[in-house]
Amino acid sequence: MIGARTLRREDPRLLTGRGSYLADHDVPGLCHIALWRSPVAHARIRSIDTAAAAALPGVVAVLTQADLDAAGARPMTHLLPIPGVQPLAWGVLAQEVVRFVGEPLVAVVAASRAIAEDAVDVLVVDYDELPPVVDVHAALEFGAPLLYPEWGTNEFLHLDYATDGLDDALARAPHVRTERFESHRIAALPLEGHGAQASFDPATGTLTVLASQQQPHQLRTVIAEVCSLSEGEVRVIAPDMGGGFGNKQHFTREECLVALLARITGRPVRWSQDRGEGLTASIHSRPQVHDATFGYDDDGRVLALSVRVVSDLGNPVLYFSGVGPSLVTVGALCGGYAIEHHGWSLSCVATTTCPVGGYRGFGQPQSHLTTERVMDLVAADLGIDPAEVRRRNLLPDAPRPFIAHGGARIDVGPLGPQLDQLLDSFQYDAWRERQRAMRDAGRYVGIGLSTLVQGTAPTQYGVAGRGGSYETAIVSVLPDGNVTVAVGSKSQGQSHETVLAQIAAEMLGTTVDRVVVRDGDTALLPNGMGTWGSRTAVMAGGAVRVAAGRVRDKMTAIAAHMGGAPTLEAVAAEAWWHAHRLPAGIEPGLSATVCYTPGRTIPIPDAAGHTSFDETFGSHMTAVAVEVCPATGDVSVLDALLVSDCGVVINPMVVEGQHQGGFAQGLGAVLYEEVRYSDDGQPQCTTLADYTIPTAIEVPRLRVVHRETHSGTEGGFRGVGEAAITAAPAALAGAVADALAPLGVTITSTRLHAHHLRALLRAAGVEPDPAAFAIA
Amino acid sequence: MKPAPFEYVRATQLGDALAALASDDDAKVIAGGQSLVPLMALRLARPALLVDVNDLPLDTVEVANNEVRLGSLVRHVRLERDAVVVRAAPLLAEAAALIGYPAIRNRGTLGGSVAHADPAAELPAALVALDGVVLAEGREGTRRISARDFFEGFLTTVLAPDELVVGVQVPVAAERHGASFREWAPRAGDFAVAGVAVVIELDAGGVCVSLGAAACGVGSTPVDLHEVLTDAGVLGASDVGDSLLRSTAQAAARTARGDDDREQLVGLLTAAALHDAFARARGGDASGTGVAA
Ligand SMILES: Cc1cc2nc3c(=O)[nH]c(=O)nc-3n(C[C@H](O)[C@H](O)[C@H](O)COP(=O)(O)OP(=O)(O)OC[C@H]3O[C@@H](n4cnc5c(N)ncnc54)[C@H](O)[C@@H]3O)c2cc1C
């Protein structure tokens, strides 16, 4: 069962249009919400006139934060438990000042979304514009306009770290180089936009919130806090989800808003994000600038790496905001390499743009870009093959765990053999030959590498001051021998109904088709952590395994007492229907609830000052070959291969799907997507005509080769969801850089879009020959 | 993203459509809806009245007097595949195939594309290259407007608010006709950042005796490249060697001056389209669709 290519049990439902997403939950009397969102980047509100809007037929209510306050709403906060972080609390709706285009100020509840939008249209909001703060470096300059004047700066958080002797090591290194690497702003863009729907039952006092949300239990806590309710009065249900990707990991203003409005109006209300809201007023990701100084010896060994990270948070009115990913970035700058001296400074900066937060990869694509570009630049500088430079810098194969700077306990398998396997499977040497031949024929082919060591199943404690590293599962064998599994991690499409069933079936000695997996409902389990951070296989998988093991042990005891070799059905019937016959000391029933933790994280500094946020690590090595058209800047992927070690593979097909999907998003980020703002803070990508995601036509196949190194956690899983999305930008940047090196172009950012490459080529003085282009 | 309130009528007679259009200053025709509906959803267009013309008998393809006459409701997919269009107006077939993706092409109409006058659109540029005529019907009767005069600016044409595009007319492709539409877009199906259409006709001796060319994505209307290519020496040429390709590309690129990126693309695409057009005129395969003329 474990290791089988079991077909996805959710597919018949999801692929035939029978999934039940947020907007499929119409109820009688349902009202819809539209929001008046700021049309300018920064403004002080003078007045709001709601009369015309409220008078429109079909409008139920028009509310501002003052109305929410009057109804007992409590402010939202970032929860960041980090010393030195600026204090910040905000209303569910903005008040007095708006700080990005799209910030919600007034909510309209109406019989339909169209009527609600008509009402928004006739709202009169009077405001004085304030100066926008768009460029992250300008935001840090002395005298820059301030988002929050009470801070006296736009810097939301500043942290520094350095090993003793870093400066010395850099001073003594035979070669030292400083480069700026930039990751540009993108949007996660789940196929199903965000949304939430709430209804309040005065008879029971229960508020039921449907939300397209990765962490339903934690949303329950936040809604209870904001609405002044007890957790027992709030039930959160996350129905089928058309993707989440971290975009639905944050607890949003709108989710709290529907909860408040359901109570205030007494009507069921829905907010269903439209694409414009999704692109401008939801959550963006990735914008960071790294200034990396690295020292290396003649053999290509990197002796010291120091990185100044400036991270654009947008307006950080978001639970843990872009600080969460930024902390992951700085923790991962050495990646899978043993670099003796290391340091970083982190500057998290508020700007008048859409809040920046989590997106699959969560800070790692940025650090990985820097680390891998450093390896490539060292290789190019010394004339050593980039694969060889990586080999010389990879973590030694022993001991395990390897204790990284800051304390991370890295438990990956041996990396040298994995690199060998990559070069071998990819036929690296043959590709280098082919590259030479193609170059001689005037074709610009490049090869890029990524050797990713990635922490998975992290604790959320470090960014939220709560949220342990555990997951809850209840495994029950029903009286007829069928099995139910309930978990706190919510599937957004990741095949949980299949892989968790495989684990339970294996442990219980039954078949996958007899197991039903349920998730996404706070009524199922007391608490749960949700799905994010490549955690479900390790944490929920571990919990299911432990719980199923307990049930199995109990069944074994009952079977022994029954004598002979009773079937699972017979044992189940015995346990539930013939309790009086059970052996002494054995409770009736077959069900186990488990809160599983591998217990390996160090969420707050220990005596040695160490923290370690991840329960385990995966190692994923990628090679890509691309061809760049020097005339159009088009990048074609000729081959892509990933050697994946995510520990014990539950279902190879699902792992390959995770890698393929992550690769598509990582490729999209660097070749097609970019969220742009004008200098005055107007978003330039408001529809899918401007925010161009790759379609099936643009996404090449990624070949996946599996390795399995047991993790030592329950079941031996390591997590897989964020590997390829992290690897792809770095590998593609390396490949494009390699392809264009003969033309004198250097690549230092994730902007590998054709039009950016054309500009770089023009700047390098490359003039394409129309005749050659015409004939090609 | 919900449109503002509007009224809707579905016309079954041309006269009714024209009357409805004249009845309200804020009336608008809706054909395939592929440009209008997104604008309405964004509330960038707020017509008070939509006059649906889809029931009018304008989905027609006719060849007469050496002209191809296409009704305004011919969908892009039909332009792309109709055997008559592919043979008689291969440039339109090739241009249509570059529009959006199949779902868009199944609904979007020739008349809608022409009336909408998006400067990045393929069909307006193709019509200019073909020196086609737009047939406009108003209450005073039919106007025949040269495509070269029809497009006024960004999303604006010489069409009166109460006129309807009922069709377009282009010359039937001659025996040694070669057409090519080349464009660059970030992804398959995107609006082109720049595109270039070239049509030529060779005489029996292989000399270029007639040409037309236009670019999309460059100005606020399709840019007529007829003169540029003529001056560059394409007319009268019997071959397009490297140097003619380069000099023509350079001359065409100048039409995008001030925008380095489009300048580069227009040059490249002009060379490519010109090269293709010659190859097709000589090979007897006038189009990229593989159908022999
Ligand atoms: C995702 C997407 C991608 C697209 N990609 C491309 C592309 O790559 N290239 C391209 O050229 N186009 C593209 N389009 C637009 C498409 O070609 C439209 O079909 C076309 O521009 C308009 O035709 P329509 O029939 O849909 O017109 P409608 O949207 O119905 O109308 C457009 C405008 O024309 C007016 N109109 C329509 N018919 C008439 C008429 N007979 N007389 C007078 N006025 C009329 C309407 O009042 C309206 O102002 C794309 C559209 C979408 C949604």
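Note on naming: letters A, B, ... go to the chains in the order of the sequence lines (proteins, then strands), and numbering restarts at 1 for each one.
- A pairwise comparison of heavy atoms in B/Trp184 and A/Asp634 identifies NE1-OD2, 2.9 Å as the closest pair.
- Residues of residues 186-195 of chain B placed with any heavy atom under 4.5 Å of a heavy atom in chain A are listed by number as B/Pro186, B/Arg187, B/Ala188, B/Asp190.
- Within 6.0 Å of CZ on A/Arg275 lie more than 12 heavy atoms contributed by other residues, nucleotides or ligands.
- Summarising the geometry of B/Leu268 relative to A/Pro770, their closest heavy-atom pair is CD2-CA, 3.9 Å, with the distance given to 0.1 Å.
- Taking every heavy atom of both residues into account, B/Ala4 and A/Asp118 meet most closely at CA-OD1, 4.1 Å.
- Other residues, nucleotides and ligands contribute over 12 non-hydrogen atoms within 6.0 Å of the CD atom of A/Gln684.
- For A/Leu688, the part lying under 4.5 angstrom from a heavy atom of chain B is the backbone only.
- Remark: A/Asp26 CG is packed, more than 12 non-hydrogen atoms of other residues, nucleotides or ligands lying under 6.0 Å away.
- For a residue to count as touching a neighbouring chain, one of its non-hydrogen atoms must lie under 4.5 Å from one of that chain's; by this rule A/Ala631 touches chain B with backbone and side chain alike.
- Annotation for A/Arg701: atom CZ does not count as buried by contact number, only 12 or fewer foreign heavy atoms lying within 6.0 Å.
- Within the 3.5 Å criterion, the main-chain N or O of B/Met1 finds a donor-acceptor partner in the side chain of A/Glu117.
- Between chain B and the options A/Ile697, A/Thr686, A/Ile775, heavy-atom pairs under 4.5 Å are most frequent for A/Ile775.
- Counting heavy-atom pairs closer than 4.5 Å to chain A, the top residue among B/Thr270, B/Asp260, B/Leu269, B/Leu274 is B/Asp260.
- A salt bridge links A/Asp121 with B/Arg46; the closest basic N to acidic carboxylate O contact falls under 4.0 Å.
- Note that CG of B/Leu245 is 12.0 Å distant from CZ of A/Phe773, once rounded to the nearest 0.5 Å.
- Neither the backbone nor the side chain of A/Ile115 comes within contact range of chain B; no heavy atoms are under 4.5 Å apart.
- Under the ring pair (Phe, Tyr, Trp, His ring centres under 6.0 Å) criterion, A/His25 pairs with no residue, sequence neighbours left out.
- Residues A/Thr687 and B/Pro38 are not in side-chain contact: their nearest non-hydrogen atoms beyond the backbone lie 4.5 Å or more apart.
- Sorted by first and then second residue, the side chain to side chain donor-acceptor pair (under 3.5 Å) pairs with a member in residues 756-770 of chain A read A/Glu674-A/His756, A/Arg758-B/Asp261, A/Arg762-B/Asp261, A/Arg762-B/Gln264, A/Asp769-B/Arg246; sequence neighbours excluded.
- Remark: B/Glu263 pairs with no residue by the salt bridge (charged side-chain N to carboxylate O under 4.0 Å, His left out) rule, at least two apart or across chains.
- At a 4.5 Å heavy-atom cutoff, the contact between B/Leu42 and chain A is made by side-chain atoms alone.
- The neighbour count for A/Asp679 CG, taken as heavy atoms of other residues, nucleotides or ligands under 6.0 Å away, does not exceed 12.
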